[in-house]
K.L.:
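Quick one: structure below, then a few questions.
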Number of protein chains: 2
Amino acid sequence: MRSKKSRSTSVDIAHRAGVSQATVSRVLRGSPLVNPETRARVLEAVRELNYKVDHRASSLRTQRSGTLALLLFEDPTPDESHINPFFLSMLGSITRACARHRHDLLVSFQQLSDDWHADYEDSMKADGLILLGYGDYMAYRSKLEQLVEHGTHFVRWGAVLPDQPGISIGCDNFQGGQLVGEHLLGLGRKRVAFLGHASNHYPEFFDRYRGCDAALQKGGASMHADLQVDAESSEEAGYAAALALMERGRPFDALFAASDLIAIGAMRALVEHGRHVPWDVAVVGFDDIPMARVASPPLTSVIQDTSRAGELLVETLLKRVRAEPVDSVMLPPSLVVRRSSTVG
Amino acid sequence: MRSKKSRSTSVDIAHRAGVSQATVSRVLRGSPLVNPETRARVLEAVRELNYKVDHRASSLRTQRSGTLALLLFEDPTPDESHINPFFLSMLGSITRACARHRHDLLVSFQQLSDDWHADYEDSMKADGLILLGYGDYMAYRSKLEQLVEHGTHFVRWGAVLPDQPGISIGCDNFQGGQLVGEHLLGLGRKRVAFLGHASNHYPEFFDRYRGCDAALQKGGASMHADLQVDAESSEEAGYAAALALMERGRPFDALFAASDLIAIGAMRALVEHGRHVPWDVAVVGFDDIPMARVASPPLTSVIQDTSRAGELLVETLLKRVRAEPVDSVMLPPSLVVRRSSTVG
DNA sequence: CTGAAAGCGCTTACAG
DNA sequence: CTGAAAGCGCTTACAG
């Protein structure tokens with residue numbers, strides 16, 4: 001139709017229903033100050049002409065777009081189309097949460113190096129931003145400060161830290177690490193290697209590391225600096241890190257990977273070098289991505305509640321947009337035990 | 001800033017630069033009819049006030065939103081956050097393609113049963129729609145017809161069929177099936193089971209089936225109705241279908257699953273029932289999702305070029321929006337051989 | 001309960 | 001090359 005006649009507007013509806021354009025608008029916005037019969041007539045015309053409110057015009061007038069933007073970034077950039085599966089799962093739950101809250105979602109991949117603070121909200125495309133991604137927190141932090149200073153509405157998925165700019169929703173990574181430490185200790189493993197960055201630059205990984213350390217210490221063990229190898233969250237990095245670890249020649253009977261991707265890459269390296277998982281080395285990951293169940297052996301991991309997380313991110317952001325008070329929140333993780341860590 | 005002073009407009013810029021608001025607009029749209037010095041002055045003011053064009057106002061005026069909408073649907077609805085990984089990968093490449101073409105992307109999950117034809121383009125939120133999903137084509141088709149009749153701009157990912165409403169970009173599923181059939185034949189396997197719907201209701205799966213059949217026939221074999229079991233694309237369905245297949249008691253030495261998820265579920269069932277993959281049964285999937293590499297044994301699969309697909313979908317849709325002529329396109333698939341089908 | 005009118009922030013003929 | 005003016009399609013005080 002639209003290809004032939006041009007799209008109808010509220011004026012067309014007004015005409016057809018024999019009312020003013022203002023009244024059409026009132027009906028469509030659900031204003032209570034409209035006579036029920038008038039309303040019925042307008043609605044009838046709306047149906048007949050298959051009319052839809054022009055979202056741009058209404059949003060220009062009301063100064064609310066009803067749209068949220070999701071900015072997803074990873075540094076270094078993953079090769080084409082290989083976004084971290086954990087973020088993809090978050091993307092799914094955020095999309096659903098947006099729909100529940102009757103908002104649209106704009107999705108965009110960004111480089112940490114991009115000028116992403118400058119775009120979506122400034123050009124009035126979105127009422128607020130959801131930030132999702134890994135990367136060096138020290139580089140990240142200054143961007144966040146700009147956003148705050150700029151008055152942009154945003155919520156970030158990530159570590160909940162004291163004094164951080166803006167607000168965050170994140171997993172309780174320390175507790176996640178503890179769950180892993182306790183599990184390994186219960187298995188009698190005390191020489192626990194850690195694959196992943198463990199510094200302030202990667203606070204999520206670092207908290208996982210420290211949580212595990214804290215748990216081990218209760219059992220008279222601890223993490224060892226010579227059993228820690230840096231790795232970003234990818235299979236390749238996990239593979240390389242496991243090789244580097246074995247190269248060092250220090251004994252270890254368990255391996256805690258900062259993410260499932262790292263764990264999966266590491267298991268490959270271990271097996272290729274004759275280490276049996278879990279007999280020689282119990283392996284635990286983090287995130288519980290779909291791949292974890294399928295890996296061989298199936299990977300013990302820490303579950304982050306992505307659907308709760310998506311809901312909370314959207315809910316919190318909408319509160320921020322409405323200038324209601326909000327707080328950072330940490331979500332409790334849980335452990336799922338599979339054969340990569342247990343014998344039998 | 002914006003939280004304190006209100007956002008600046010083109011009028012503010014005009015004022016500051018000592019020109020008319022119309023000139024500001026010309027500069028920002030890159031119009032050639034502006035004196036270079038004037039342009040410089042305007043740009044200076046833009047920078048100082050950190051001004052960004054209000055996208056809604058500009059889009060209202062130009063009647064172009066610069067936004068595309070991606071509608072993702074699956075029937076039956078997957079449980080929270082477990083979208084088919086193949087679609088997730090498509091989503092990634094579509095997002096990137098949109099960015100390359102300087103368009104924004106709105107993402108939304110839909111039920112096939114929803115009234116999705118009615119929304120995004122009608123309310124002027126998007127210039128066009130990308131449709132992505134599995135489902136009963138017969139139900140789907142009537143929706144497509146409505147879209148066409150309605151003059152909506154859309155491109156669909158899926159089977160390229162004669163007489164279909166609108167245009168499609170899809171994998172050459174028949175050829176994909178052929179590659180599988182030739183591969184299995186080369187391995188000396190002739191009793192090939194098929195897990196997945198094989199009817200007009202699921203044209204993509206059906207083409208894969210027929211392609212495989214065509215290849216087998218060249219080798220004096222063929223697909224058998226009693227070795228085909230319906231399954232939608234999920235691990236659970238694959239698991240159940242493999243059980244049903246074994247139940248029938250007909251011998252088979254190869255299994256072609258209509259998707260990797262089906263294949264992975266099926267392998268689990270096979271192994272649990274004492275069949276060795278690939279010795280007893282060579283297994284091949286379709287899609288080459290990330291899980292395929294990690295499965296045990298790693299899964300032979302058919303690669304669909306998702307990054308090319310995303311680019312083509314976006315490019316084609318934008319042409320449609322600009323009323324340029326476009327055609328449906330089939331992309332050539334390729335086979336990646338892993339240990340689920342080869343011995344040694 | 002309803003209408004006339006102003007205005008959201010741009011873009012683009014039109015006139016100079 | 002530049003400005004004044006109309007208009008994109010709505011929403012919402014204001015007056016009745």
Side-chain angles (χ1 to χ4, degrees), chain A residues 2 5-43 45-46 49-67 119-127, chain B residues 2 5-43 45-46 49-67 119-127:
Chain A
R2 192 168 53 263
K5 322 184 235 155
S6 72
R7 179 188 148 72
S8 54
T9 70
S10 56
V11 174
D12 301 327
I13 303 297
H15 212 87
R16 187 169 191 113
V19 297
S20 75
Q21 185 269 332
T23 297
V24 173
S25 182
R26 286 196 191 92
V27 170
L28 263 14
R29 298 228 97 204
S31 161
L33 359 124
V34 185
N35 181 307
E37 284 168 24
T38 314
R39 174 188 311 281
R41 235 172 333 127
V42 169
L43 258 17
V46 164
L49 297 188
N50 199 261
Y51 169 72
K52 290 284 178 328
V53 173
D54 185 319
H55 174 258
R56 298 162 312 183
S58 113
S59 130
L60 179 58
R61 197 49 245 253
T62 59
Q63 299 294 60
R64 273 291 175 76
S65 72
T67 302
D119 208 37
Y120 289 96
E121 196 175 340
D122 284 347
S123 57
M124 295 290 158
K125 288 174 185 168
D127 297 330
Chain B
R2 191 169 52 262
K5 323 183 238 160
S6 72
R7 183 186 144 73
S8 53
T9 70
S10 58
V11 173
D12 301 328
I13 303 298
H15 212 87
R16 187 169 191 113
V19 298
S20 74
Q21 183 270 332
T23 298
V24 172
S25 182
R26 287 197 190 90
V27 169
L28 263 13
R29 300 228 97 204
S31 160
L33 1 121
V34 185
N35 182 309
E37 284 168 25
T38 313
R39 175 188 309 282
R41 236 173 331 129
V42 169
L43 258 16
V46 164
L49 297 188
N50 199 259
Y51 169 73
K52 291 286 178 328
V53 173
D54 185 319
H55 175 258
R56 297 163 313 181
S58 114
S59 130
L60 179 59
R61 196 50 243 253
T62 58
Q63 299 294 59
R64 275 289 177 77
S65 72
T67 302
D119 207 37
Y120 289 96
E121 195 174 341
D122 284 345
S123 57
M124 295 289 158
K125 288 175 184 169
D127 297 330

K.L.:
Using only side-chain N and O atoms of B/Ser58, determine if any of them is under 4.0 Å from OP1 or OP2 of C/dC10.
P.N.:
no
K.L.:
I need the B/Lys125 NZ to A/Ser65 OG distance, nearest 0.5 Å.
P.N.:
9.5 Å
K.L.:
Let's see if you can work this out: which of C/dT11, D/dG9, C/dT2 has an atom nearest to the side-chain heavy atoms of A/Asn35?
P.N.:
C/dT2
K.L.:
Just call it for A/Ser25: base, sugar-phosphate, or nothing, with non-hydrogen atoms closer than 4.0 Å on any strand.
P.N.:
base
K.L.:
In terms of side-chain heavy atoms of B/Asp54, which of D/dC10, C/dC10, D/dT2 is nearest?
P.N.:
C/dC10
K.L.:
Rounding to an integer number of Å, can you tell me how far A/Arg61 CZ sits from C/dA6 P?
P.N.:
12 Å
K.L.:
Rounding to the closest angstrom, what is the interatomic distance between C/dA6 and C/dT2 at atom P?
P.N.:
23 Å
K.L.:
Determine whether any donor atom in the side chain of B/Arg26 lies under 3.5 Å from an acceptor atom in the base of D/dG3, or the reverse, and answer yes or no.
P.N.:
yes
K.L.:
Working to the nearest 0.5 angstrom, can you tell me the gap between B/Arg41 CZ and B/Ile13 CD1?
P.N.:
13.0 Å
K.L.:
Quick one: A/Leu33 CG to D/dA15 C1', roughly how many Å, whole number?
P.N.:
14 Å
K.L.:
Any side-chain N or O of A/Ser10 less than 4.0 Å from the OP1 or OP2 oxygen of D/dC10?
P.N.:
yes
K.L.:
Write down the distance between CD1 (B/Ile13) and P (D/dT2), rounded to a whole number of angstrom.
P.N.:
17 Å
K.L.:
Could you state the atom-to-atom distance from CD of B/Gln21 to C1' of D/dA6 in whole Å?
P.N.:
12 Å
K.L.:
Output the single nucleotide from D/dT11, C/dT2, D/dG9 whose closest atom is nearest the side chain of B/Leu60.
P.N.:
D/dG9
K.L.:
With both distances under 3.5 angstrom, what nucleotide forms a Watson-Crick or G-U wobble pair with C/dG16?
P.N.:
D/dC1
K.L.:
B/Leu49 CG to C/dG9 P: how many Å, rounded?
P.N.:
14 Å
K.L.:
Side chain of A/Asp127, backbone of A/Arg64: donor and acceptor closer than 3.5 Å?
P.N.:
no
K.L.:
Does the side chain of A/Thr38 get closer than 4.0 angstrom to OP1 or OP2 of C/dT2 through an N or O atom?
P.N.:
yes
K.L.:
Main chain of B/Ser31, side chain of B/Arg39: is a donor-acceptor contact present, judged purely on distance under 3.5 Å?
P.N.:
yes
K.L.:
In whole angstroms, how far is the P atom of C/dT11 from the NE2 atom of B/His55?
P.N.:
11 Å
K.L.:
How many Å lie between CZ on B/Arg64 and P on D/dC8, as a whole number?
P.N.:
18 Å
K.L.:
Looking only at atom types and distance, does a side-chain atom of B/Arg56 sit under 3.5 Å from a main-chain N or O of A/Arg61, one as donor and one as acceptor?
P.N.:
no
K.L.:
For C/dT12, does OP1 or OP2 lie under 4.0 Å from any side-chain N or O of B/Arg29?
P.N.:
yes
K.L.:
In whole Å, measure the gap between the C1' atoms of D/dT12 and D/dG16 for me.
P.N.:
16 Å
K.L.:
Look at all strands and tell whether A/Val24 reaches a base, only sugar-phosphate, or nothing, counting heavy atoms closer than 4.0 Å.
P.N.:
nothing
K.L.:
Assign each of A/Leu28 and B/Ala22 to its nearest nucleotide of DNA chain D by heavy atoms, then name whichever residue's nucleotide is nearer the 5' end.
P.N.:
B/Ala22
K.L.:
OP1 or OP2 of D/dG3 versus the side-chain N and O atoms of B/Thr23: is any pair under 4.0 Å?
P.N.:
yes
K.L.:
Could you tell me the separation between the CZ atom of B/Arg56 and the P atom of D/dT11, rounded to a whole number of Å?
P.N.:
13 Å
K.L.:
Could you tell me whether A/Gln63 contacts a base, only the sugar-phosphate backbone, or nothing, with contacts defined as non-hydrogen atoms closer than 4.0 Å?
P.N.:
sugar-phosphate
K.L.:
I would like to know whether A/Asp54 and A/Thr9 meet side-chain contact (heavy atoms from CB on, under 4.5 Å); could you show each step before the answer?
P.N.:
CA-CA 8 Å; A/Asp54 185 319; A/Thr9 70; over 6 Å; no
